[in-house]
Amino acid sequence: MERTFVMIKPDGVGRGLIGECLRRFERRGLKVVALKMQRLSVEQAHRQYGEHRDKPFFEPLVAFITSGPSVLLVLEGRDAVAQARKMNGATNCIEAEAGTIRGDLGLSNRKNLVHASDSAATAAREIALYFNDDEVIDYTLPYEDWLQ
Ligand code: CMP
């Protein structure tokens with residue numbers, strides 16, 4: 001089983017789409033093993049998006065991601081990293097396929113509702129940015145055998 005980090009961004013929270021996003025991930029078979037709501041600090045935003053530091057959209061991105069609360073999640077399941085990326089869809093909502101969160105619910109390149117780690121190594125780094133080890137919970141769902 002793999003773990004990934006997913007964030008429902010301030011536009012997702014502000015538009016009342018927390019439940020919609022969680023419903024999709026849970027129905028797919030990804031298990032929520034950590035969850036918290038937090039407004040990212042500018043420092044956290046810089047750490048989250050450091051690789052984009054030199055891009056023209058960096059400062060507006062930091063302003064957006066710190067503009068309101070986000071929901072931070074650790075999801076666990078088979079191929080969790082790839083599953084969550086697929087479910088989110090392409091970064092630019094205009095290009096995202098119908099059936100994905102961004103393709104169904106978003107219109108923007110920046111305000112694209114959700115984030116998911118792009119690799120297992122990134123997931124480990126991003127999970128550690130927001131969660132202590134004891135905040136990520138080990139537990140078993142009764143139907144888990146069906147998801148192996
Ligand atoms: P995310 O998947 O969280 O990773 C980086 C984020 O930067 C991305 O989602 C968007 O919110 C934002 N982003 C990426 N490219 C652009 C762009 N060209 N213009 C504005 N924002 C962008």
Side-chain angles (χ1 to χ4, degrees), residues 1-41 43-52 55 57 61-62 64-148:
M1 287 294 125
E2 190 173 56
R3 286 178 175 171
T4 192
F5 171 70
V6 168
M7 173 162 55
I8 304 172
K9 299 183 183 184
D11 56 332
V13 174
R15 290 179 51 200
L17 295 173
I18 298 172
E20 169 72 24
C21 294
L22 281 175
R23 186 185 70 94
R24 288 176 179 230
F25 291 124
E26 284 193 297
R27 281 166 49 108
R28 185 74 187 258
L30 292 169
K31 180 166 68 172
V32 178
V33 294
L35 181 155
K36 68 167 80 159
M37 178 178 263
Q38 189 175 309
R39 184 172 180 157
L40 265 59
S41 66
E43 197 177 71
Q44 283 175 314
H46 278 241
R47 265 185 272 155
Q48 174 70 44
Y49 287 123
E51 66 183 288
H52 299 300
K55 309 246 175 71
F57 60 80
L61 172 62
V62 170
F64 158 60
I65 210 71
T66 59
S67 66
S70 294
V71 170
L72 313 176
L73 303 164
V74 181
L75 301 180
E76 183 181 284
R78 190 173 183 147
D79 299 317
V81 170
Q83 299 266 20
R85 295 280 293 184
K86 183 122 188 154
M87 293 180 72
N88 285 359
T91 301
N92 188 346
C93 296
I94 311 296
E95 288 161 11
E97 301 276 352
T100 65
I101 291 172
R102 290 165 174 165
D104 288 349
L105 306 170
L107 290 170
S108 164
N109 205 6
R110 177 177 308 119
K111 297 189 185 102
N112 58 1
L113 298 164
V114 275
H115 164 85
S117 308
D118 61 8
S119 69
T122 306
R125 183 182 71 78
E126 292 179 340
I127 290 168
L129 275 181
Y130 302 104
F131 294 96
N132 297 323
D133 284 350
D134 64 356
E135 293 177 306
V136 183
I137 311 294
D138 267 322
Y139 67 103
T140 305
L141 293 166
Y143 52 78
E144 233 171 273
D145 280 353
W146 297 110
L147 299 169
Q148 305 297 317

Mark yes or no for whether [X], through its side chain, and [Y], through its backbone, hold a donor-acceptor pair below 3.5 Å.
{"X": "Glu135", "Y": "Asn132", "answer": "yes"}
{"X": "Arg78", "Y": "Gln148", "answer": "yes"}
{"X": "Lys36", "Y": "Tyr130", "answer": "yes"}
{"X": "Thr100", "Y": "Ala96", "answer": "no"}
{"X": "Asp11", "Y": "Leu113", "answer": "yes"}
{"X": "Glu126", "Y": "Ala123", "answer": "no"}
{"X": "Arg15", "Y": "Leu105", "answer": "yes"}
{"X": "Asn112", "Y": "Asn92", "answer": "no"}

* Asked: Would you call Asp79 and Arg28 a salt bridge, taking side-chain N to carboxylate O under 4.0 Å as the test?
  -> no
* Asked: Below 4.0 angstrom, N of the basic side chain to O of the carboxylate: do Glu95 and Arg102 qualify?
  -> no
* Which distance, rounded to the nearest 0.5 Å, do you find between the CG of Leu17 and the CZ of Arg24? -> 9.0 Å
Answer yes or no: is there a side-chain heavy-atom contact under 4.5 Å between [X] and [Y]?
{"X": "Leu72", "Y": "Leu40", "result": "yes"}
{"X": "Ile8", "Y": "Ser70", "result": "no"}
{"X": "Met7", "Y": "Leu73", "result": "no"}
{"X": "Glu76", "Y": "Val136", "result": "no"}
{"X": "Glu26", "Y": "Val32", "result": "yes"}
{"X": "Asn88", "Y": "Phe25", "result": "yes"}
{"X": "Met1", "Y": "Lys31", "result": "no"}
{"X": "Ile101", "Y": "Cys21", "result": "yes"}

* Candidate pair Gln44 and Gln38, rule side-chain hydrogen bond (donor to acceptor under 3.5 Å, both in side chains), full reasoning -> CA-CA 11 Å; Gln44 283 175 314; Gln38 189 175 309; 3.1 Å; yes
* Does Lys9 make a cation-pi contact with Phe64, if we ask for NZ or CZ under 6.0 Å from the ring centre and within 45° of the axis? -> no
* Asked: Are Lys55 and Tyr49 in a cation-pi contact, defined as NZ or CZ under 6.0 Å from the six-membered ring centre and within 45° of the axis?
  -> no
* Quickly, which of Ile18, Leu22, Val114 forms a side chain to side chain contact (heavy atoms under 4.5 Å, CB included) with Val71? Name it, please. => Ile18
